[in-house]
*Asks:* 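Structure below; questions to follow.
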2 protein chains.
Amino acid sequence: MPDDIDRIIQKSYEACASAGVKLTDKRKNVLMVLLGSSTPLSAYEIVERYKIQFGETLPVMSIYRMLDFLIQEKLVHKLETASQYMSCAHIACEHQHETPQFLICDRCGSVKEIAIKKHIMTELERSIQSTGFTLAHQQLELHGVCKHCQDNSVPAN
Amino acid sequence: MPDDIDRIIQKSYEACASAGVKLTDKRKNVLMVLLGSSTPLSAYEIVERYKIQFGETLPVMSIYRMLDFLIQEKLVHKLETASQYMSCAHIACEHQHETPQFLICDRCGSVKEIAIKKHIMTELERSIQSTGFTLAHQQLELHGVCKHCQDNSVPAN
DNA sequence: ATAAGATATGATATAACATAACACCATAAT
DNA sequence: ATTATGGTGTTATGTTATATCATATCTTAT
């Protein structure tokens with residue numbers, strides 16, 4: 001759970017404003033749901049939590065649209081390998097967005113977002129370019145077991 | 001389309017035999033469907049092609065089970081980011097299976113399986129271990145545009 | 001202030017991907 | 001020959017995602 005949700009929301013408003021798009025209340029609420037979760041959530045789980053947190057049941061179609069918006073504005077990431085969504089860990093950071101790399105724990109479902117080392121990415125790109133391929137999304141998703149689950153031998157879910 | 005399907009099938013039989021499991025006719029046929037496709041296929045697409053190639057309609061449930069088997073025996077890969085399946089490019093190779101890396105063209109859907117450079121993987125692992133995380137599946141899926149589509153400006157699908 | 005247009009959301013239906021649970025049959029092991 | 005195992009079929013259902021059209025709300029020009 002992020003330290004300072006208010007500050008992140010504030011930053012999100014600013015980012016949207018400078019992109020000329022609107023962070024509506026519902027979009028903001030969806031972002032808040034994600035910010036309040038320690039694990040990434042599916043669109044359907046967002047519907048449930050939205051209802052609990054804000055007392056309103058949104059159609060899943062709307063959630064998908066809002067997620068698309070938030071992803072577009074780089075406030076949310078989609079984990080393709082898990083079909084789940086999570087808030088970007090760097091909304092309130094000053095530094096530039098780099099290639100995100102997600103370490104997904106297959107036991108507890110938690111995800112750590114770390115920035116991939118510049119030179120590793122450069123090498124990856126180089127070895128890829130030699131095949132004529134051009135990278136697009138630039139996002140790595142790696143599965144494994146997090147420190148906490150290793151220490152506690154939590155069973156896989 | 002692989003050069004020599006017969007040889008790959010032969011190797012697959014040998015691999016299964018030495019693992020003490022059986023490559024049944026239907027499992028072999030599913031593998032043949034994948035070997036005959038230039039792009040990865042979904043389970044439902046395999047049902048369709050199986051029918052065309054072998055004149056029999058298998059329930060998708062059975063296809064999923066056969067895919068599980070083939071994946072277990074490392075004859076087939078699942079592309080998690082695309083929910084599609086493809087035959088391993090290295091069934092008939094002598095060299096050891098390394099960390100596979102898939103370059104997925106978002107325009108034509110073709111996929112190139114290349115082995116990630118040893119030292120890049122080592123570096124990735126090192127930077128990950130510093131977070132306490134332990135890697136599991138070790139498979140990279142990278143999206144972009146293949147050489148052919150760049151040259152021909154094929155529209156995205 | 002209001003109409004026209006644009007953007008955001010709601011509602012309904014359906015497509016696409018995946019698994020659970022149980023039945024049946026063939027073959028292998030005893 | 002009997003039993004155990006593994007492979008496949010069948011049915012039902014769960015999960016993720018998109019298409020389409022309707023409605024609401026917001027903006028902006030007049």
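Each chain gets a letter, A, B and so on, in the order the sequences are listed, and its residues count up from 1. Atom set for the values below is all heavy atoms of this structure, side chains included, hydrogens, waters and symmetry mates excluded.
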*Asks:* Would you check if B/M121 and B/L135 make a side-chain contact, meaning some heavy-atom pair closer than 4.5 Å?
*Replies:*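 Yes; the side chains approach each other to less than 4.5 Å.
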*Asks:* At less than 3.5 Å, do the side-chain atoms of A/Y44 and the base atoms of D/dA17 form a donor-acceptor pair?
*Replies:* yes
*Asks:* Can a side chain N or O of B/Y85 be found less than 4.0 Å away from OP1 or OP2 on C/dC17?
*Replies:*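 Indeed not, no polar side-chain atom of B/Y85 lies that close.
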*Asks:* Of all of residues 18-31 of chain B, which get a heavy atom below 4.0 angstrom from DNA chain D, listed by number?
*Replies:*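 Within residues 18-31 of chain B, the residues near DNA chain D are B/T24, B/K26, B/R27.
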*Asks:* Between atom CE in B/M61 and atom C1' in D/dT11, what is the gap in whole Å?
*Replies:*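 My rounded result for the distance is 11 Å.
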*Asks:* Classify the side-chain pair B/H143/A/E80 by whether it contains a donor and acceptor separated by less than 3.5 Å.
*Replies:* no
*Asks:* Near DNA chain C, under 4.0 Å by heavy atom, which residues of residues 47-58 of chain A?
*Replies:* A/E56, A/L58
*Asks:* Phosphate oxygens OP1/OP2 of D/dA17: is one of them under 4.0 Å from a side-chain N or O of A/K78?
*Replies:* yes
*Asks:* Crowded around A/E14 CD? As in, over 12 foreign heavy atoms under 6.0 Å?
*Replies:* yes
*Asks:* What ring pair (Phe, Tyr, Trp, His ring centres under 6.0 Å) pairs are there with at least one residue in residues 6-51 of chain A, not counting sequence neighbours?
*Replies:* A/Y50-A/F54
*Asks:* Is a side-chain donor-acceptor pair under 3.5 Å present for B/T134 with B/Q129?
*Replies:* no
*Asks:* How close or far is atom P of C/dA16 from atom CG of B/L41, stated in whole angstroms?
*Replies:* 15 Å
*Asks:* Check whether any side-chain nitrogen or oxygen of A/S83 sits under 4.0 Å from OP1 or OP2 of D/dA17, and answer yes or no.
*Replies:*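 For D/dA17, OP1 or OP2 has a side-chain N or O of A/S83 closer than 4.0 Å.
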*Asks:* Salt bridge check, A/K26 against A/E56: does any charged N sit closer than 4.0 Å to a carboxylate O?
*Replies:* yes
*Asks:* Taking atom types as modelled and ignoring hydrogens, do the side chains of B/T81 and B/E141 form a donor-acceptor contact shorter than 3.5 angstrom?
*Replies:*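 Indeed, the side chains of B/T81 and B/E141 share at least one donor-acceptor pair under 3.5 Å.
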*Asks:* For DNA chain D, what residues of residues 63-70 of chain B have any heavy atom nearer than 4.0 Å?
*Replies:* B/R65, B/M66
*Asks:* Checking B/F102 now: which residues fulfil ring pair (Phe, Tyr, Trp, His ring centres under 6.0 Å) with it, not counting sequence neighbours?
*Replies:* B/H77
*Asks:* In whole angstrom, what separates B/Q72's CD from D/dG7's P?
*Replies:* 11 Å
*Asks:* Calculate the interatomic distance between A/I71 atom CD1 and D/dA17 atom C1'; express it in whole Å.
*Replies:* 12 Å
*Asks:* Under 6.0 Å from the CD atom of B/Q53, do we count more than 12 heavy atoms belonging to anything else shown?
*Replies:* yes
*Asks:* Looking at residues at least two apart in the chain, or sitting in another chain, which of them share a salt bridge (Lys or Arg N to Asp or Glu O under 4.0 Å) with A/K112?
*Replies:* none
